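Here's the structure, in C-alpha cells; my notes come after.
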Amino acid sequence: MPNAKAYSAASATSPLAPETIQRREPTKRDVSIEILYCGICHSDLHAVRNEWESVMPTVYPIVPGHEIVGRITKVGSEVSGFKEGDLVGVGCLVDSDQSCPSCRADVEQFCPEAVFTYNSPDKHNTAPVTYGGYSESIVVDEKFVLRVPDNLDLAGVAPLLCAGITTYSPIRRWGDIQGKKVGVVGLGGLGHMGVKFAKAFGAHVAVFTTSPSKKEDALRLGADEVIISKDEEQMKQHAGSFDFILDTVSADHDVNVYLGMLTLDGNLTLVGAPDKPLEISAFALLFGRKSLSGSLIGGIKETQEMLDFCGEHNITADVEVIPIQQVNEAYERMNKSDVKYRFSIDMASLKY
Ligand SMILES: [Zn+2]
Ligand SMILES: [Zn+2]
C-alpha cells in the first residue's frame, strides 16, 4: 500500500507530530488526490483531545482534517467524473451505503453508514479508522469527491468544505432570503461564512457579537449592521424583527434572547454545538409561532452546488495560511479565537 506523510496525535494529550501512514491502493471507483491545502476546523481539535468521547470516541493515532483541497494524481478504471490533474475537494464524508433514505434524498451526512473523513471505521481495512487531510495524499471514492472552481484562491477554498457547507445549507433550506432580515450570531470560522453567503443571497445581514472590536470586520465581510448582544438598548431595538437567525456559537449562551429577536414564523438554526444542553423557554417559541432547528454540514450534491456558487460569486473563506509545523500553535490560537477566520495548512510544507 502507498505510504503518505501525515501529522497525527498519539493520545488526547499529545501534540500533533509527523508520522507515515498508509493509504489504500485506489479501487476501480477511487481517485488518488495530492492534498494542497487543508483547513483547520474546531472539530479537529475536539477530536484530537477526545472531547466528544461520549458521542464519537477518538481512536488513536488520529489524523484529523476534513477541509481538503487537492489535485487528482490517479483515477480508477471505472471513474467517470474526474481525470488526472483535476482540482478537487473532499469534505467531512468519504463514503456511505448509498442506498438508504437519507442517501437517496442527497443528505448522505445522515446515513447510518456514513463514513467520516477521519476517525470512522475504515471499511477498506487500510487502518482501524479513516485518516484525514493533514497528509500529503488521500484516496476517495469518486462519489464523495467535489469539483473545485479554478478561479478561486485554493487556501481559502479548503474551509468551504466544512465551514462553508455548514452555513450554506441552512440558509438554502430556509428558502429565498432575498430582502429578508437575517442575523448571524458569532463571527468566527462559521459566522464569517454565514455573513458572506447571506449577503450573496441578497439578505439584509446583521451580526450579533459580544465584542465591539469585531464591528469593522463584520462590515468589511458584508454585514449591513452589527448588534452588540450585551447592549440591551440595541437588542431591544431589533426585537421581533428577524426572519432567520443562524446561530454559530459553540460556547454556552442564552438562545432565548435570540428567539426574542425573531418575527412571526421566524426560525433560528443552530450550527454550533455547545457542550451543555440548552435551556429553551416554551413561551419564546409559542409567541410568534417560532421554530428552532439544527443543521449538520450538507450532502454531496449540495456541497457541489455551494462550491459552484462560490465560483460564480467569488466567495472563499478568509484564511491565515500556515505550514503544518505550526499546527499545534494554531490549535492554541484557535482555542482563543485568535484567527481571522480560519487556518489553512499549506501541505507543501510536509515535504520540508
Ligand atoms: Zn469541520
Ligand atoms: Zn445511506
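Note that the structure is predicted; figures quoted are calculated from it, not measured.
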| query | Picking from Arg24, Gln22, Glu25, Lys74, what satisfies side-chain contact (heavy atoms from CB on, under 4.5 Å) with Pro2? | reply | Glu25
| Between His66 and Phe116, does the ring centre distance come in under 6.0 Å? | no
| query | Counting only N and O atoms by type, is there a donor-acceptor contact under 3.5 Å from the side chain of Thr316 to the main-chain atoms of Asp153? | reply | no
| Backbone of Lys181 reached by a side-chain donor or acceptor of Asp243 within 3.5 Å | yes
| query | Hey, is the main chain of Ala155 close enough, under 3.5 Å, to the side chain of Ser344 for a donor-acceptor pair? | reply | yes
| query | If you look only at pairs with a residue in residues 195-204, which of them pass as a side chain to side chain donor-acceptor pair (under 3.5 Å), with sequence neighbours excluded? | reply | Lys196-Asp318, Lys199-Asp224, His204-Glu225
| Once you round to the nearest 0.5 Å, how far does CZ of Arg23 lie from CE of Met1? | 11.5 Å
| query | Given the side-chain rings of Tyr168 and Phe197, with only the six-membered ring counted for Trp, is the space between their centroids under 6.0 Å? | reply | yes
| query | Under 3.5 Å, side chain of His192 to main-chain N/O of Gly189, donor-acceptor pair present? | reply | yes
| request: List in chain and number order the residues that pass salt bridge (Lys or Arg N to Asp or Glu O under 4.0 Å) with Glu84, two or more places apart in sequence or in another chain; answer none if no residue qualifies. | output: none
| task | Using ring-ring contact (aromatic ring centres under 6.0 Å, His included) as the criterion, point out the one residue from Phe208, Trp174, Tyr258 that pairs with Phe242. | result | Phe208
| field | Backbone of Ala47 reached by a side-chain donor or acceptor of Thr58 within 3.5 Å | value | yes
| field | Residues in side-chain contact (heavy atoms from CB on, under 4.5 Å) contact with Pro18, at least two apart in sequence or another chain | value | Tyr7
| Applying the side-chain contact (heavy atoms from CB on, under 4.5 Å) test to Val226, which of Lys214, Glu216, Lys215 qualifies? | Lys215
| said: I'd like to know if the side chain of Ser169 reaches the main chain of Ile165, judged simply by a donor and an acceptor atom lying under 3.5 Å from each other, with no hydrogens or angles considered. | reply: no
| Are Cys103 and Asp97 side-chain neighbours, meaning at least one heavy-atom pair lies under 4.5 Å? | yes
| query | Around Lys180, counting heavy atoms of other residues, nucleotides and ligands shown, do more than 12 lie under 6.0 Å from its NZ? | reply | no
| query | Looking only at atom types and distance, does a side-chain atom of Glu34 sit under 3.5 Å from a main-chain N or O of Arg71, one as donor and one as acceptor? | reply | no
